[in-house]
Amino acid sequence: MRPKLVIFDCDGVLVDTESIANARLAELITEAGLPMTMAECRKRFVGLSMRTVCERLLAEDGIGLGDDFVARWNENLPQLFNSGLQAIPSIEFAIDAIRNAGIPVCVASSGRIEKMHLTLGLTGLLPHFENVLFSASMVERGKPFPDLFLHAANEMEHQPADCVVIEDSPAGVQAGIKAGMKVFGYAGDPLTDAEGLAKSGAVIFDDMRQLPELLGLR
């Protein structure tokens with residue numbers, strides 16, 4: 001059955017931010033005393049808000065990045081992403097096919113609204129989503145809890161069972177499944193944890209050109 005609403009994650013699904021952001025985050029964590037590579041950082045923290053990342057580092061590793069770390073991180077994002085951020089390959093093809101089928105789309109991300117405006121704006125995708133952006137800052141609990149996806153569905157006036165989520169992180173897949181939604185896991189990047197996506201309950205695909213058919217649009 002065709003969905004009545006398609007909910008996209010942002011980082012790693014619409015925009016190719018993961019390697020850029022995790023390379024810098026790994027550097028900062030290493031400087032704080034916990035040696036970490038970009039790949040390790042990405043696998044451990046993908047899909048989580050920066051606040052959650054800081055909480056886990058402190059609780060699990062005893063590494064504190066500072067009370068103002070999230071604010072400093074957000075302030076430096078424009079400089080970080082201005083150096084060549086790209087949209088996910090063929091994502092506009094998929095978005096156009098979904099919208100041409102009369103199905104609404106929205107974004108539900110662990111990132112702040114300001115970050116989504118930045119990254120979607122830099123890649124030319126913002127006009128597709130400008131008024132339908134939902135952030136984990138809007139709910140009590142972020143991914144892997146279902147709150148954000150349930151909030152997005154409610155705001156878009158659709159029942160969870162009628163929604164499909166497009167994710168690239170196990171935490172995001174778990175959130176979508178807990179929300180009662182079908183989840184497709186995008187694994188087009190070699191560093192994506194495809195096994196983790198599948199174990200979390202996602203239907204795996206690796207090319208955005210496949211998405212319209214997976215959604216029953218062809």
[X] atom [atom1], neighbour heavy-atom count above 12 within 6.0 Å:
| X | atom1 | value |
| --- | --- | --- |
| Q79 | CD | no |
| Q159 | CD | no |
| K178 | NZ | yes |
| E213 | CD | no |
| N82 | CG | yes |
| R141 | CZ | yes |
| E157 | CD | no |

State yes or no: do [X] and [Y] share one hydrophobic cluster built from I, L, V, M, F, W and Y residues joined by side-chain heavy-atom distances below 4.5 Å, directly or via other members?
| X | Y | result |
| --- | --- | --- |
| V53 | F145 | no |
| I88 | L214 | yes |
| L14 | L118 | no |
| I98 | L125 | yes |

Modelled atom types, side-chain donor and acceptor of T17 and D11, under 3.5 Å: yes

Could you check whether any side-chain heavy atom of [X] comes within less than 4.5 Å of a side-chain heavy atom of [Y], counting everything from C-beta outward?
| X | Y | result |
| --- | --- | --- |
| S200 | I177 | no |
| I95 | I91 | yes |
| F149 | K143 | yes |
| I166 | F205 | yes |
| L217 | I103 | yes |
| Y186 | L211 | no |
| M38 | E27 | no |
| F81 | V15 | no |

Candidate list D61, T30, I63, test side chain to side chain contact (heavy atoms under 4.5 Å, CB included), partner M36, passing option: T30

Closest contact, heavy atoms only, [X] versus [Y]:
| X | Y | value |
| --- | --- | --- |
| S110 | L48 | CB-C, 3.9 Å |
| A171 | V46 | CB-O, 4.4 Å |
| S135 | M116 | CB-CE, 3.9 Å |
| S19 | R42 | OG-NH1, 3.0 Å |
| P104 | K4 | CD-O, 3.2 Å |
| L197 | T192 | CD1-CG2, 3.7 Å |

Full working for side-chain contact (heavy atoms from CB on, under 4.5 Å) between L126 and L133: CA-CA 10 Å; L126 188 57; L133 300 174; 4.2 Å; yes

Strictly below 4.0 Å, N to O, side chains only: are R44 and E40 in salt-bridge contact? no

Does a salt bridge link E75 with R72, judged by any charged N lying under 4.0 Å from a carboxylate O? no

Under a 3.5 Å distance rule, please check whether N154 uses its side chain to pair with a backbone N or O of L150 as donor and acceptor. no

Donor-acceptor pair, S49 side chain versus T52 backbone, under 3.5 Å? yes

